[in-house]
Every structure is written in C-alpha cells, then in structure tokens.
There are 2 protein chains.
Amino acid sequence: MTTETTTKSKQAPAQFAGVAKLDQQLCFALYSASGLMTRLYRPLLDPLGLTYPQYLAMLALWERAPSTVGELGEALGLDSATLTPLLKRLEAGGLVTRRRDPADERRVLVEPTAKGQALREQAKSVPAAMLCNLPLDADELKSLHRTLTRFVSGLRKADAGAANRS
Amino acid sequence: MTTETTTKSKQAPAQFAGVAKLDQQLCFALYSASGLMTRLYRPLLDPLGLTYPQYLAMLALWERAPSTVGELGEALGLDSATLTPLLKRLEAGGLVTRRRDPADERRVLVEPTAKGQALREQAKSVPAAMLCNLPLDADELKSLHRTLTRFVSGLRKADAGAANRS
DNA sequence: TACTAAACAATCGTGTACGATTTAAATGGA
DNA sequence: TCCATTTAAATCGTACACGATTGTTTAGTA
C-alpha cells in the first residue's frame, strides 16, 4: 500500500484504485466465462466432431458460402495463422472445400461440402441444449448480450487504434 | 427451413428460436471479448515479460504465496496440464520458485522470487492503463461485472455437474 | 500391517491463438 | 510497360488449453 504518484500522470478519475481493481476482476470474469463456456459446448459439439472455434467457422459458412479466409477471419476475429490450420482440419474431415479464387489467385474460397451442409441439421439442437446450461433468465441474457455487444465493439475500436499506432 | 419436431422433445420455452440464437450470439460475444481483451493487455504486459495467463498467475501468487499448483488451478480455472508448463516458464524467467512440499511430497509449492516480488511494483500501473482501453463508463463496468460474476458462478456449477455426470 | 483407493502433479497428443516473416498475386503510378 | 506497393494466405515459433494417462505419494480400511 505504498502511496505513490505513478498514477497521477494518467488522467485517471479520483476513485481510480477501486475501478482499476474492478477492471482487473472484469477482465478475469470475461476470461473465465469464455473458458467455461467453451468447456460446456464440448459435450454438445463432440458428437458433431467439432471444436467450438470449428463450430463458429461452420456457422459463418452456413450463413455465407463461399467465403474467403479473410472474410472468415473478419467475422470471427481470427487471423490466417489460426484459420488456415483450422480450415485444413475441417477439410480433412470432409466438411469444407478450399480452392483458390480463379478471379483472384491470392484468395482462397472456403465452402461447406454436402457433408458439411448435412451437419447443419444436427447442429440445430445445439443452441437449445446450451441454453439449458446458461444460468441467467431470458431478460438477464438479453441485458448481458446488449452490454457485451457494446463492450466488444468498443474494444474492437481500441484494438484497431492500437494496431494503427504500431 | 424444414419444419421439424426435433426441438419439441426438449422442454424448451415457446420463444425458443429467438433465445437460442441470442445464446449463440452471447457465447460468441464472450469469446470475442475475451480474445480482444487479451490482445489489449499484450502491449501493457510485454514490457513486464508476461503473457495474460502468466499475469493472472502472478496476481494470484502476489495475493497468496506459497500456493500449490492445485490452489492456483482452482483460483484461475486451469488444470495442471496448463499450469505446469506455464509455471516452468515463469521459473525459467526467474520470477517464481517451485519445490515439493516437504510435508506432502505430492504437492508442489510455488512462490515468487525477489524478482517476482519486484515485478509487482511495475505491474501496478497496468490496471489503470487497461482501464483507458475499456469502452464503458464506471457504472456500466460495475453492472457488467455484477452480471458476469453471477454468470460465471452459475456456469461453474453447470460445469461441476457435467463433470460429475461423466 | 498390507493393500486398495484417492489425490496430486507431470506428461502426451491435439487444437487453438497470434506476432513476425515469407511467398505469390494483383494494383497503381511514373 | 515496369516496378514498387499493397494485399492475401501460408508458414514458423511460442504459448496457452484441456482430455486422457501416468507415476508417485498419501490416506483409509480390512
């Protein structure tokens, strides 16, 4: 509890200490929630042969195919270093195809196969099953989602700013 | 858009479809928020030579040392398969020591070194800097934290239940 | 006391994540 | 047209993350 002036140089509010601690707890809560959620998805996705990130990729592809790796990355917030091997695993599992875009050989087009499309039917029961795991009622879920959405879009802006600055 | 009865077997509420979609979005929002947050911590933690999980481990150790691997795992929600290599990296960096508990040779006691303690001073400026990145005001942060905390503790219960059932 | 069961950390295999670099293709001026 | 620049994906190295298994130590019980 050393009374130091380090924080004075920042334009921090008066009640800094408390809020800073809160931010730390908030960040940890987000980190924990994300991890727990992934764990709870596992028993639902195992029968489909998907991991949670793979499930997200399939959701994106079911919405819009073909998609380029870049578009998927934009949608999921992942870069090619993560997506390329993930998509290769989906391809190895026979769920998607990957091919160079003839119109622009730099791009790679990803598309569900018939098997990948068929999986969509099985996957339909996942959200309902997951919902049973979520400990809040519908109103609370809605409120949490609203706040989180604003939070995420704000963070995205901050992240883009940080990227530009480098 | 096949009208099927698959979901009728679940005891789902009438407005199932909408809520289920929401849950999907909520889970994705959590996933995104967690990833973005980790990215925003990086420039703050790089000067300290820590990753975000390593920072969490040090926070736990600054609060309570020595801790066993199991206690750290409980606090952070990680298992030994994740923690052991992480702690070995912290040890290699000279920030912690690891030794078998003489009173119970199964346990391993982890403790910050002098260097690890010294790092605590540098780390004090991290929360304030991070706070500047967070896009919500103090009230919203508080509300989000409250909801998330309830959410996490509920998820933990669900997770424990799932573990017992297996 | 012997012997099984439980607890604990470590290890192995697989799958994200991402910064940094590389390779190839397209684009935009001089 | 030529060439530097930009864009897109892949690759490399490092670091989580976890299920399943292993090896060791302790605890519990007949």
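Residue numbering restarts at 1 for every chain, and letters A, B, ... go by the order of the sequence lines.
For C:dA17, the OP1/OP2 oxygens have a side-chain nitrogen or oxygen of B:Tyr31 closer than 4.0 Å.
Atom P of nucleotide C:dG19 and atom CG of A:Asp79 are separated by 7 Å, given to the nearest angstrom. Look at CG on B:Leu40: it is 17 Å from P on C:dA17, rounded to the nearest Å.
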* Check step by step if salt bridge (Lys or Arg N to Asp or Glu O under 4.0 Å) holds for B:Lys124 and B:Glu121. => CA-CA 5 Å; B:Lys124 276 188 175 155; B:Glu121 295 307 312; 3.4 Å; yes
* To do: Evaluate the criterion side-chain contact (heavy atoms from CB on, under 4.5 Å) for residue pair A:Thr51 and A:Tyr41; output intermediate values, then yes/no.
  => CA-CA 8 Å; A:Thr51 64; A:Tyr41 262 110; over 6 Å; no
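Once you apply a 4.0 Å limit to the heavy atoms of chain A, the touched nucleotides of DNA chain D run 5' to 3' over D:dT7 to D:dG19.
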* To do: Go along nucleotides 6-15 of chain C 5' to 3' and tag each nucleotide: B for a protein heavy atom under 4.0 Å from its base, S when only backbone or sugar atoms are that close, - otherwise.
  => -BSBBBB--S
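Taking the side chain as every heavy atom from C-beta outward, A:Glu91 and A:Val110 never approach each other to under 4.5 Å. Between A:Leu61 and A:Leu95, the closest side-chain pair of non-hydrogen atoms is not below 4.5 Å. You'll find the side chain of B:Leu87 reaches within 4.5 Å of the side chain of B:Leu72, heavy atoms only.
For the pair A:Ala33 and B:Phe151, the tightest heavy-atom approach, listed with the atom from each and the gap, is CB-CD2, 4.3 Å.
Note that CZ of A:Arg98 is 12.5 Å distant from OG1 of A:Thr68, once rounded to the nearest 0.5 Å. In this structure, B:Leu26 CG and A:Met130 CE are separated by 8.5 Å, a value rounded to the nearest 0.5 Å.
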